[in-house]
There are 2 protein chains.
Amino acid sequence: MDTTQRTDQQRSADRRRRELLEAADRVVLRDGPQASMNAIAAEAGITKPILYRHFGDKGGLYAALAKRHTDALLDSLRAALDAPADRRERVESTLDTYLAAIEARPQVYRFLMHPAEGGQVGDQGFDVGKHSAPLLRRMGEELATVIEERLDLGPGSQQLARVWGHGIVGMMHAAGDWWLGERPCSRAELVRSLADLLWGRLAAAGDKMGGPGF
Amino acid sequence: MDTTQRTDQQRSADRRRRELLEAADRVVLRDGPQASMNAIAAEAGITKPILYRHFGDKGGLYAALAKRHTDALLDSLRAALDAPADRRERVESTLDTYLAAIEARPQVYRFLMHPAEGGQVGDQGFDVGKHSAPLLRRMGEELATVIEERLDLGPGSQQLARVWGHGIVGMMHAAGDWWLGERPCSRAELVRSLADLLWGRLAAAGDKMGGPGF
DNA sequence: ACGTGCGTGTTACTAGCGGTAACCCTAGTT
DNA sequence: AACTAGGGTTACCGCTAGTAACACGCACGT
C-alpha cells in the first residue's frame, strides 16, 4: 500500500511501455502496418506475452502507437492553423504542413491511415461507420472546432462547421494520398490547387463551350 | 480446337465464376471485409482450392468483387453527373447519389473502402501510395475527366482538374463516412453543406469577432 | 532463517488464417 | 477397354493473434 513503492513500479512500467512503443515504432517503420507482434517483441528484445500484458491486444498497441504520431501531427497542424496570418495563408500553411508530414514519413502515414484492420476474431458486430482512421476523425473534429470558433457562419454554424471540418480533411487526405502515389506536381502546386478549390474557383469557373448536349 | 467446345467451357466457367462471386457477395455482406475464404467457399457449397483456381488469391477475388460494385456505383454517379441541369444541381445530385448508396448498403461500402489489407506474405515492397481504395481512385479520376471536359480552367487545367477530382471525392468520402457513423443530420442537409463548401462559402464567411489574438 | 506472495519473464500451446500439393473420380475420346 | 482432362476434395504448410502454465528473483511478515 506504500504509495512510494507504487509510484516506483508505475514509473518503471511507464518506462518499459515507452521502450516497447519505440521498438514497435521501428518495426512498423520498417515492415509497415503488417508488422507482427512477434517481430515487435523480437525488436524489443522480449517475447509476446509481455506485449500483451502491456497493451492488451494488437489493437491496443496500435492505438497507443497511433496516438503518439497523431498527437504530434495534430500539434504541428494546430500551430499552422493558429499562426498570425490571413485565412488563405493559414489554410495553405496547414495543408502544406500535413503534406510535408506524409511526404517525410510515408510508412508512418500509411500505418496511421490503415491501422491493423486484421483480426479474425470478434468484430462480429461490425461497427459500421467509425471505421475510418482515427487520425482522420480527430483532424476533422479539430478543424471543425477551429472553424466554428473563428468563422461567422450564421444559423446552424455548428453543424456546418463539422461537415466542413471532416470534408476538408477528407479532401486533404485523398488528394495527398493520390499525390504521394503519383507525384504529378510539386507540393506547392498541390497546396495552391486545393486552396483554390476551397476558395470557390470550382463554382466560379466558366463552362467550356462545345461540350456534349447543353 | 473446336471453338464451340471452348465457348461451352468458357461459358460454364463464367457462370461458375458469377455464382462464386454472388456467394462471396452474400458472405461479405454478412461478415464484412473479414470474410474468410473458407466461409465464402462454404457459402458457395464448394471448397477453397476451387476459389483459388478461379481467382488466384484473396486479392483477386476481392478485386473482382469490388469491380462489380465499383462499376455499378460509378455508373449511377456518371448518370447524376451527366444530367441536364446546372452545375450546382448536378453536384448536389451526385453527392446525394453517392451518399444514398453508402447509406443503403454500408457493408458493401465498408468492403470497398477497406479491401482485404491483410496478407502476411509478400508485400515487403510496401507500395507506398496507391494503397487507397481503388474505388476512391477511380472516382477521383472519373471526376477529374468530367471537370476537365466541362470546365474552362485556363492554363494547367489538366493538373488542376485531377487535383480537384481527387480532392472533391475525398471530401465526399470523409464527410460521408463521418455522417454514416454519427448521423448528425439529414442527407439533404449534408449535401447542401458540402455543396456550399465547394461553392466557396468558406472563403466568403466573415471572421468572428472576439477571437483569440488578432 | 524460512516460507509466501508478487512481478517479470519464458516456453509451449491453441485456433484460425491464406495458400497449395497431392490425390480422386467421373466423363468423354480414341 | 484404356487413357486423358477437368472439377472436386482431403490434408497439409507456415504463418498469425492470443493465452495458459510454468519458472526465476526479490521484497516481505513471522
Side-chain angles (χ1 to χ4, degrees), chain A residues 1-20 23-24 27-28 31-65 114-124, chain B residues 1-2 4-20 23-24 27-28 31-65 111 114-124:
Chain A
M1 300 257 190
D2 187 356
T3 42
T4 315
Q5 200 174 13
R6 280 204 109 172
T7 305
D8 269 10
Q9 283 180 198
Q10 204 155 9
R11 287 212 313 188
S12 159
D14 279 10
R15 252 189 37 207
R16 194 55 127 210
R17 193 184 158 91
R18 234 167 312 171
E19 287 173 17
L20 297 186
V27 176
V28 165
D31 296 354
Q34 309 291 347
S36 80
M37 295 298 265
N38 257 325
I40 294 174
E43 169 73 30
I46 45 99
T47 50
K48 271 195 299 181
I50 303 186
L51 278 183
Y52 283 94
R53 287 228 248 272
H54 272 269
F55 300 102
D57 63 353
K58 192 175 183 174
L61 200 176
Y62 275 36
L65 206 52
H114 293 274
E117 188 76 17
Q120 54 265 20
V121 77
D123 297 341
Q124 196 74 0
Chain B
M1 299 256 193
D2 188 356
T4 315
Q5 201 173 15
R6 279 203 108 174
T7 306
D8 270 11
Q9 283 179 199
Q10 203 156 8
R11 286 211 315 190
S12 158
D14 279 10
R15 253 187 39 208
R16 194 53 126 214
R17 194 185 159 92
R18 234 169 310 172
E19 288 173 18
L20 297 185
V27 176
V28 165
D31 296 354
Q34 308 291 346
S36 80
M37 295 298 264
N38 256 324
I40 293 173
E43 169 74 29
I46 45 100
T47 49
K48 270 193 301 178
I50 302 188
L51 278 183
Y52 283 95
R53 288 228 245 271
H54 272 268
F55 300 102
D57 63 354
K58 191 177 184 173
L61 201 176
Y62 275 36
L65 207 52
F111 165 72
H114 293 274
E117 189 74 19
Q120 55 264 20
V121 79
D123 296 343
Q124 196 75 359

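All figures in this text were calculated on a predicted structure; none of them were measured in a lab. Chain naming here is simple, since letters A, B, ... match the order of the sequence lines and numbering starts at 1 in each.
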Checking C:dG18, D:dG8, C:dG9 against the side chain of B:K48 (C-beta onward), the nearest is C:dG18
Between A:A64 and A:R17, which heavy-atom pair has the shortest distance, and what is it?
CB-NH2, 3.7 Å
Out of C:dG19, D:dA21, D:dT16, minimum distance to the side chain of B:D57 belongs to C:dG19
Is B:S36 touching bases, backbone alone, or none of the nucleic acid, heavy atoms closer than 4.0 Å?
sugar-phosphate
Nearest-angstrom distance from the residue atom CD1 of A:I40 to P of D:dT16:
11 Å
Separation of atom CG in A:L61 from atom P in D:dT16, rounded to whole Å:
15 Å
Ignoring backbone atoms, establish whether B:T47 has a side-chain N or O less than 4.0 Å from OP1 or OP2 of D:dG8.
no
Length of the CZ-P vector between A:R17 and C:dT8, whole Å
14 Å
Interatomic spacing from CD1 in A:I46 to NE2 in A:H54 - rounded to 0.5 Å:
8.0 Å
Between the side-chain atoms of A:K58 and the base atoms of D:dG18, is any donor-acceptor pair under 3.5 Å?
no
base_contact_polar (D:dG8 base, B:R53 side chain, donor-acceptor, <3.5 Å):
yes
Rounded to the nearest angstrom, tell me the gap between atom OH in B:Y52 and atom P in D:dG8.
17 Å
When rounded to the nearest 0.5 angstrom, what is the spacing between CD1 in A:I40 and CD1 in A:I50?
14.0 Å
B:I50 has an atom CD1; how far is it from atom P of C:dA21, in whole Å?
17 Å
Rounded distance in Å - CD (A:Q34) to P (D:dA17):
10 Å
Between C1' on C:dC17 and CG on B:L51, what's the gap in Å once rounded to a whole number?
14 Å
Please assess A:Y62 against A:F55 for the test ring-ring contact (aromatic ring centres under 6.0 Å, His included), listing each intermediate value before the final yes or no.
CA-CA 9 Å; A:Y62 275 36; A:F55 300 102; over 10 Å; no
